[in-house]
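Every value quoted in this text rests on a predicted model; they were computed, and no experiment measured them.
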Amino acid sequence: MVDGQVVIVTGGGTGIGAATARLLRQGGHRVIVSGRRLEPLERLARETGALAYSSDVGDPEAANGLVSAALEAYGRLDGLVLNAGIGRSGAVGDLSLEDWEEVMRTNVTGPLLLLRAAIPHLLETRGSVVAVASVSALRNGASNAVYATSKAALLQLCRSLTIDYGRQGLRANTVCPSWVRTEMADRRMARFAVEAELRDGSVESAYEEATRLLPMGRPGEPREVAEAINWLLSPAASYVNGAVLTVDGGATALDPGTLAFDFHVAPRGDATL
């Protein structure tokens with residue numbers, strides 16, 4: 001990115017959002033970090049010099065307020081990172097309507113409202129949007145109905161920006177991470193360690209189990225996803241529009257139908273692993 005550009009990062013207090021804010025600030029950019037919890041936002045602001053703005057972008061007034069805060073502080077808006085998201089487990093027949101509505105509101109409606117507020121200003125600067133979806137937008141798993149649906153919807157929402165506004169200079173791309181060490185993933189791994197009765201019941205052993213079949217055999221780090229986001233926001237990606245970049249350690253390159261031919265694969269809990 002050109003030095004001094006202004007970027008809003010939602011879900012910016014921890015994980016991928018915080019790593020992205022740090023990287024952008026290191027590059028000399030002005031960053032507004034948004035999220036529901038004020039404490040981690042203020043902690044990051046003290047560390048990096050970013051502007052903290054607590055909001056629930058699922059609320060139309062809050063979305064408008066966030067964009068207004070960026071304009072009041074810096075006078076322009078060049079980039080938007082749609083990173084805020086939540087997940088709920090459940091198969092289609094088991095999922096509660098409340099969980100469905102909460103996830104869709106945060107993961108899809110929130111980005112829509114923020115985009116509606118931000119688009120006029122992004123068009124003025126020929127700016128860029130990066131949505132943080134998930135490999136769940138491309139592949140699915142058990143009891144993952146609403147999360148996968150919401151992330152697929154976010155991906156197509158971002159592609160719609162490319163089609164509708166590309167001729168006016170707006171770029172919009174999506175990154176799809178696999179397992180990344182974040183607070184949200186840590187909580188899921190803690191539950192998995194108990195549910196799967198892993199040897200030591202630790203989060204670390206859960207990450208090892210969840211990623212052992214990936215080509216890279218490990219989870220990602222938030223900084224690794226942030227690097228991809230930073231590149232997509234930058235002039236180096238000036239002809240990249242409507243792209244879906246997997247940052248997944250090779251997860252989506254793998255054909256699960258071939259796993260039976262890898263004779264190093266053993267059942268969970270096998271002491272020889």
Side-chain angles (χ1 to χ4, degrees), residues 10-11 14-17 19-20 57-58 81-112 129-161 172-193 195-196 203 206-222 224-226 228-229 232 242-257 259:
T10 68
T14 61
I16 293 169
T20 300
V57 293
V81 179
L82 300 170
N83 175 67
I86 61 172
R88 295 289 184 271
S89 296
V92 172
D94 303 324
L95 192 69
S96 72
L97 184 58
E98 290 77 15
D99 282 349
W100 173 273
E101 291 176 343
E102 183 180 13
V103 172
M104 296 301 285
R105 176 177 175 272
T106 300
N107 295 5
V108 184
T109 304
L112 171 67
V129 175
V130 179
V132 181
S134 166
V135 293
S136 291
L138 308 171
R139 306 285 189 272
N140 211 337
S143 298
N144 198 37
V146 65
Y147 184 74
T149 300
S150 72
K151 290 300 186 179
L154 177 62
L155 187 158
Q156 292 297 349
L157 178 64
C158 195
R159 278 181 162 170
S160 296
L161 297 173
N173 297 289
T174 305
V175 296
C176 290
S178 182
W179 286 116
V180 177
R181 292 177 185 269
T182 65
E183 284 188 0
M184 182 175 170
D186 284 353
R187 291 192 295 270
R188 182 64 188 95
M189 288 299 168
R191 295 195 302 272
F192 174 52
E195 294 163 358
V203 168
Y207 274 118
E208 290 176 3
E209 179 68 20
T211 62
R212 68 187 178 96
L213 298 182
L214 298 187
M216 291 188 70
R218 66 169 178 85
E221 297 294 336
E224 293 176 303
V225 184
I229 295 169
L232 287 170
V244 179
L245 177 59
T246 54
V247 188
D248 64 356
T252 51
L254 181 66
D255 175 5
L259 291 176

Euclidean distance, K151 NZ relative to L138 CG, rounded to 0.5 Å: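 Here the rounded value is 12.0 Å.
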
Interatomic spacing from CG in D94 to OG in S143 - rounded to 0.5 Å: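 Reported to 0.5 Å precision, the distance equals 7.0 Å.
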
Contact check, side chains of L254 and L259, non-hydrogen atoms, under 4.5 Å: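 In short, these two side chains touch, coming nearer than 4.5 Å.
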
Expected output: side-chain [X] to main-chain [Y] donor-acceptor under 3.5 Å:
X	Y	result
N83	T10	yes
N173	A243	yes
T182	A185	yes

Looking at every heavy atom in both P177 and D248, which two are closest together, and how far apart are they?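 Minimum heavy-atom separation between P177 and D248: C-CB, 4.5 Å.
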
What do the steps show when you test R159 against V244 for side chain to side chain contact (heavy atoms under 4.5 Å, CB included), and what is the final call? CA-CA 9 Å; R159 278 181 162 170; V244 179; 3.5 Å; yes

N107 and Y147: side chain to side chain contact (heavy atoms under 4.5 Å, CB included), yes or no, with the steps? CA-CA 8 Å; N107 295 5; Y147 184 74; 4.0 Å; yes

Take R139 and T252, measure what side chain to side chain contact (heavy atoms under 4.5 Å, CB included) needs, and give me the verdict at the end. CA-CA 8 Å; R139 306 285 189 272; T252 51; 4.0 Å; yes

State whether E195 and R188 are salt-bridged, where the test is any N-O pair (Lys NZ or Arg NE/NH1/NH2 against Asp/Glu carboxylate O) under 4.0 Å.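 R188 and E195: salt-bridged.
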
Quick one: do T20 and I16 satisfy side chain to side chain contact (heavy atoms under 4.5 Å, CB included)? Show the steps, please. CA-CA 6 Å; T20 300; I16 293 169; 4.0 Å; yes

